[in-house]
Protein chains: 2
Amino acid sequence: MKGESSSVRSGARMSGEDRRLQILRVAVDLFSRKGFRGTTTKEIAEQASVSEAIIFRHFATKRDLYSAIIDYKAAESAELILKTLKNAARRKDDRAVFQGLATDILKIHDQDPTLFRLLLYSGLECHELSAMLFERYAKKVRAFLERYIRQRMADGTFRRIDPKIATHAFFSMISYHALAANLFRSLLPHGNCADVADAFASIFLKGISRL
Amino acid sequence: MKGESSSVRSGARMSGEDRRLQILRVAVDLFSRKGFRGTTTKEIAEQASVSEAIIFRHFATKRDLYSAIIDYKAAESAELILKTLKNAARRKDDRAVFQGLATDILKIHDQDPTLFRLLLYSGLECHELSAMLFERYAKKVRAFLERYIRQRMADGTFRRIDPKIATHAFFSMISYHALAANLFRSLLPHGNCADVADAFASIFLKGISRL
DNA sequence: TTGGTATGTTAGTAATTACTTACTTATCAA
DNA sequence: TTGATAAGTAAGTAATTACTAACATACCAA
């Protein structure tokens with residue numbers, strides 16, 4: 001982005017399409033840090049190295065821009081992690097499934113803190129798209145887990161329990177930790193992500209086992 | 001507050017002390033709904049049925065007011081739930097301890113959504129007091145749980161596990177659910193709070209049991 | 001080279017916002 | 001009743017903010 005910025009300053013232009021995407025990305029970053037009201041179009045313009053008027057050429061209002069980034073993030077988050085988990089699930093390696101999932105979720109949040117922050121900000125702000133983002137955020141993973149738990153119950157390995165509630169329990173454990181790591185890192189119990197993922201997966205698996 | 005409001009409008013006055021507290025309470029509500037930047041001193045004044053100047057008589061800046069409410073909420077949250085749990089803990093009734101705690105936490109969040117919202121907003125906004133609020137929010141409960149888990153490990157009922165991590169796991173499960181209930185109620189798995197508390201406590205207890 | 005067009009800017013507008021100042025008035029002790 | 005004082009207000013200030021309109025210019029096809 002720094003490179004882009006300097007080339008723009010010397011007079012070179014970006015296509016409309018590229019510029020729109022650039023603004024969107026800058027906006028994701030800023031809105032996720034400061035929320036809707038806390039982010040000014042001025043700072044978005046500055047970060048994108050354009051004048052404010054350019055923002056309004058691509059987005060009719062600030063509100064429209066905010067909705068656009070939520071859409072953008074929702075679309076992005078739908079493509080989550082499932083690849084490696086499908087192998088573990090095929091082998092019915094419970095430990096690999098849950099520990100791998102916990103690790104992946106925590107890793108993703110660490111690498112891209114904007115998603116969760118936008119989820120929280122938009123939820124707190126009662127943005128009309130926040131529910132959609134929340135749902136999209138975890139839909140595939142939850143569905144996958146529910147199916148897996150249902151299957152392992154049929155196999156006799158897991159005890160009788162509502163797969164939705166069990167999924168919710170596991171997902172809650174991991175997600176709250178991710179949230180806390182995002183907002184309050186210094187206050188977390190010491191222990192790296194892998195240890196936390198390990199411990200949480202182990203508690204959960206033992207907690208729903210048949211034995 | 002409605003009653004207060006109408007008596008003020010007819011000319012009656014409130015003592016400085018009472019007024020300050022009223023403003024504080026109004027501000028808690030508004031800041032927890034709209035965040036710092038999203039809340040104007042104008043609407044605080046309106047909700048308190050005073051002019052804006054009165055707010056600035058009690059608080060030098062809007063920022064000072066925000067810090068004051070975080071302090072206020074932090075002090076309030078320190079007095080949590082522990083009474084009934086101490087009895088269950090004395091009897092070493094694991095189920096009553098964890099289920100009771102889960103139920104109480106969820107109930108408290110339901111009754112006073114402002115605490116968690118302020119926690120999230122202040123954390124997202126990187127307010128200097130947010131870490132303090134986060135810590136205060138759960139300090140006593142966490143300490144209690146850690147002690148209890150350590151004790152039950154010594155008793156041979158719970159397996160070897162870092163009490164901090166175990167506490168964090170349990171607390172995370174419940175807190176994320178409370179958060180989701182606060183922001184995204186309509187998207188939660190069906191099932192009332194008691195069912196969720198029950199299921200989560202059961203998963204957790206089984207997950208850390210020695211058997 | 002020229003003209004059209006898409007990208008980009010500057011300068012502004014109107015409304016909003018946190019905060020201040022000068023004045024008003026309710027309250028209460030003497 | 002009077003005077004002091006604390007609580008309260010209206011009107012304003014200066015800065016900020018989202019957004020607009022008019023103009024400038026890079027780019028590219030003919």
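In what follows, chains are A, B, ... by sequence order, proteins preceding strands, each numbered from 1. Values in this document were obtained by computation on a predicted structure and should not be read as measured data.
The salt bridge (charged side-chain N to carboxylate O under 4.0 Å, His left out) with B:E43 is formed by just one residue from the set B:R33, B:K62, B:K34; it is B:K34.
When distances run from any side-chain atom of A:R37 to the nucleotides C:dT17, D:dT9, D:dT17, the shortest one goes to C:dT17. Of the candidate nucleotides D:dA7, C:dA18, D:dA18, D:dA18 has the atom nearest to the side chain of A:T40. In the set D:dA18, D:dG8, C:dT10, the nucleotide with an atom closest to the side chain of A:T41 is D:dA18. Side-chain atoms of A:R19 lie closest to C:dG8 of the nucleotides C:dG8, D:dT9, C:dT9. Closest to the side chain of A:F56, out of D:dA18, C:dC19, C:dT9, is D:dA18.
A donor-acceptor contact under 3.5 Å links the side chain of A:R13 to the base of C:dA6.
In this structure, A:I55 atom CD1 and C:dT7 atom P are separated by 16 Å, rounded to whole Å. Distance CZ (B:F59) to P (C:dA18): 15 Å, rounded to an integer number of Å. Distance A:R57 CZ to D:dT20 C1': 11 Å, rounded to the nearest Å. Protein atom CD1 of A:I54 is 13 Å distant from nucleotide atom C1' of D:dC23, rounded to whole Å. Nucleotide C:dA18 holds its P atom 8 Å from the CD atom of B:E43, rounded to whole Å. Regarding B:L30, its CG atom lies at a distance of 13 Å from the P atom of C:dT17, rounded to whole Å. As a whole-Å value, the separation of B:D18 CG from C:dT27 P is 14 Å. Residue A:E17 contributes atom CD, which lies 10 Å from atom P of C:dT7 at whole-angstrom precision.
Along DNA chain C, the nucleotide nearest B:A53 and the nucleotide nearest A:E52 are compared for position; the residue whose nucleotide lies closer to the 5' end is A:E52. Nearest-nucleotide mapping onto DNA chain D: of A:T39 and B:S15, the residue sitting toward the 5' end is B:S15.
Between B:H127 and B:Y66, the ring-plane angle classifies as perpendicular under the 30° and 60° cut-offs. Under the 30°/60° scheme for interplanar angles, the aromatic rings of B:Y148 and B:F158 are found to stand perpendicular.
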Would B:Y176 and B:F200 count as a ring-ring contact (aromatic ring centres under 6.0 Å, His included) if you check the C-alpha gap in whole Å, the side-chain angles of each, and the deciding distance to 0.1 Å? CA-CA 12 Å; B:Y176 188 79; B:F200 283 16; 9.9 Å; no
Trace of the ring-ring contact (aromatic ring centres under 6.0 Å, His included) decision for A:F184 with B:H168: CA-CA 13 Å; A:F184 305 109; B:H168 187 52; over 10 Å; no
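Remark: B:K62 is in phosphate contact with C:dA18, judged by side-chain N or O atoms under 4.0 Å from OP1 or OP2.
Among the atoms of the strands shown, none is found under 4.0 Å from any heavy atom of A:R63.
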